[in-house]
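Note that the structure is a prediction, hence the values are computed from the model and not measured. Naming convention: chains lettered A, B, ... in sequence-line order (proteins, then strands); numbering from 1 in each chain. When reading the values below, keep in mind they use all heavy atoms of this one structure, side chains included, and skip hydrogens, waters and symmetry mates.
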Amino acid sequence: MNKAQRLLHILMTMQAHRKFNLKELTEEFGVSKRTILRDLQELSELGVPLYSELGVHGGYQLLRDRMLPPIHFSDKEAVALFLVAESLKGYPMLPFEAEVESALKKFYHYSPPSTKEKIEKLRSHVLFHVQERGLDTPYLTSLLEASLEGRIVTITYEAEKGTSERDIQPIGVYTASGLWYCPAYCFRSREHRLFRADRITALTVAEDQSRRIDPPGYDLRDWFTGRPSGETAELLIHLTRAGAVRAKSDPLLAEGLTVHADGRGCVRRAAAISDLSCLADTLLGYGAKAEVEAPALLREMLLQRANEIRELYAGAGG
DNA sequence: GAGGTAAACCCGTTGCTGCC
DNA sequence: GGCAGCAACGGGTTTACCTC
């Protein structure tokens with residue numbers, strides 16, 4: 001039996017037995033322990049999910065649940081998968097980036113030449129442009145994993161107001177305009193808040209997991225459908241014609257937007273109190289194109305910001 | 001602590017292949 | 001045919017870990 005045949009037989013033996021050790025394999029294949037070890041290492045490097053246990057009852061196990069069965073794709077399905085992959089390439093950071101790269105390599109390697117040809121053509125004719133930000137998000141995968149497992153993590157966050165350390169329970173991650181965001185329940189402010197992944201400079205799993213909200217009862221879909229968490233306020237914003245056009249493509253104002261027959265519009269929905277500050281910053285850019293009727297707190301925030309700007313320029317001019 | 005197991009080394013042997 | 005290079009293999013030793 002040559003090496004290739006032996007590797008194949010070892011793989012079949014592993015699939016037939018839930019657990020095995022070196023001695024059993026050396027007896028079955030009539031080779032030395034050293035050779036079996038080399039074979040197992042080679043199989044592991046090829047992607048076979050092997051798990052070893054030390055000790056008296058130690059041995060090897062094949063993590064069969066972690067290995068997918070062979071799947072057949074049609075030509076169009078294969079090209080479609082690569083199209084999806086291409087759409088992600090513009091992002092400098094992705095969760096499970098190395099795994100995505102490895103999976104695509106395997107997929108491309110085993111694709112027939114005609115499919116490869118279509119994929120290469122696709123690369124020349126389709127481009128998903130993502131705004132380049134050049135910001136590192138080293139904890140993106142950790143945030144995603146924490147949201148999947150409902151873990152509380154301790155983060156160091158660099159906000160505009162300064163650096164803070166806080167415990168959060170992420171509900172997911174999403175990307176917009178080339179940036180990665182992580183909505184999460186913040187145990188310090190006791191409400192859901194939005195964090196920029198690139199502003200997280202340190203992340204560790206929190207020691208105290210007893211506070212975790214399980215089940216969370218609030219997920220990324222709730223976040224996007226605008227179901228607020230925590231204390232809320234009724235929002236009523238009137239928009240000019242130009243303001244309504246702009247609000248249609250504004251993620252903060254599109255929700256709850258109604259455009260009247262004359263082109264003007266209004267935004268009417270519930271908003272979390274914690275979001276008002278962010279809304280005020282956005283509305284400042286609308287100038288007179290948007291007028292806040294409610295809540296009063298948002299009006300005050302806008303006035304305060306406007307006054308700050310006025311003082312700044314009055315001082316510079318005089 | 002003893003004994004069983006895997007992991008990680010090192011080194012020597014064997015067989016195949018290509019080159020001169 | 002002789003030689004070098006390489007891959008595959010085997011044996012030995014030490015270390016780490018686990019169970020009893």
Rounded distance in Å - [atom1] ([X]) to [atom2] ([N]):
X	N	atom1	atom2	value
Arg34(A)	dT14(B)	CZ	C1'	16 Å
Leu37(A)	dG11(C)	CG	C1'	13 Å
Arg38(A)	dG11(C)	CZ	C1'	11 Å
Ile36(A)	dA8(B)	CD1	P	17 Å
Lys33(A)	dA8(B)	NZ	C1'	10 Å

Discussion item. Show me the pairs that pass ring pair (Phe, Tyr, Trp, His ring centres under 6.0 Å) and involve residues 145-166 of chain A, at least two apart or across chains.
Written reply: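 Listed once each, the pairs are Tyr157(A)-Phe195(A).
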Worksheet entry | Tyr181(A) and Tyr174(A) aromatic ring geometry - parallel, tilted or perpendicular at 30°/60° bounds |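 Correct class here is parallel.
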Fill in: side-chain hydrogen bond (donor to acceptor under 3.5 Å, both in side chains) partners of residues 146-155 of chain A, not counting sequence neighbours, each pair once
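Qualifying pairs: Glu149(A)-Arg151(A), Thr154(A)-Asp167(A).
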